[in-house]
Amino acid sequence: DCITFGPDNVAAQAATRIEDFRNADGDWLVLVLHGVDGEGWGSLALAELVSLVDRCQELGFGIRPLAEILARDLPAQ
């Protein structure tokens, strides 16, 4: 499913999505965030981002940049 939220309370809403995913049967959670410390629309503070990443690590989630995931699936040239 695709859910959008913001521009306010982005960290709290992302934390809710992480907890929902934790209790779901899915294999993937993709969070697309739009900036840190005032950059972009609906940004969150760097400390909030660090907290979200820490929580994901506590839960044992693998965290990878999108470019790494896409590169893995592309044929070698």
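None of the values given here were measured: they were computed from a predicted structure.
- Taking every heavy atom of both residues into account, A11 and L44 meet most closely at CB-CD1, 4.2 Å.
- Sequence neighbours left out, not one pair with a member in residues 34-54 passes ring pair (Phe, Tyr, Trp, His ring centres under 6.0 Å).
- Residues in residues 27-42 take part in no salt bridge (Lys or Arg N to Asp or Glu O under 4.0 Å) pair, two or more places apart or across chains.
- Side-chain atoms of Q13 come within 3.5 Å of backbone atoms of D8 as a donor-acceptor pair (strictly under, hydrogens ignored).
- Within 6.0 Å of CG on D25 lie no more than 12 heavy atoms contributed by other residues, nucleotides or ligands.
- Residues G38 and S43 share a closest heavy-atom pair of N-OG, 3.0 Å.
- When every heavy atom of L31 is checked against every heavy atom of A14, the shortest pair comes out as CD1-CB, 4.4 Å.
- Of all heavy-atom pairs spanning V10 and G42, the tightest one is CG2-O, 3.1 Å.
- Identified under the side chain to side chain donor-acceptor pair (under 3.5 Å) test for residues 47-67, with sequence neighbours left out: E19-R55, R55-E58, R64-E68.
- Hydrophobic clustering (ILVMFWY, side-chain heavy atoms < 4.5 Å, transitive): L52 and I63 are in one cluster.
- To the nearest 0.5 Å, atom CG of residue D20 and atom CG of residue L29 are 9.5 Å apart.
- When side chains are defined from C-beta on, F21 does not count as touching L59, because their heavy atoms never get closer than 4.5 Å.
- F61 and V30 fall into different hydrophobic clusters, defined by Ile, Leu, Val, Met, Phe, Trp and Tyr side-chain heavy atoms under 4.5 Å apart, directly or through other members.
- Side-chain contact between L66 and V32 is absent, with no heavy atoms from C-beta onward closer than 4.5 Å.
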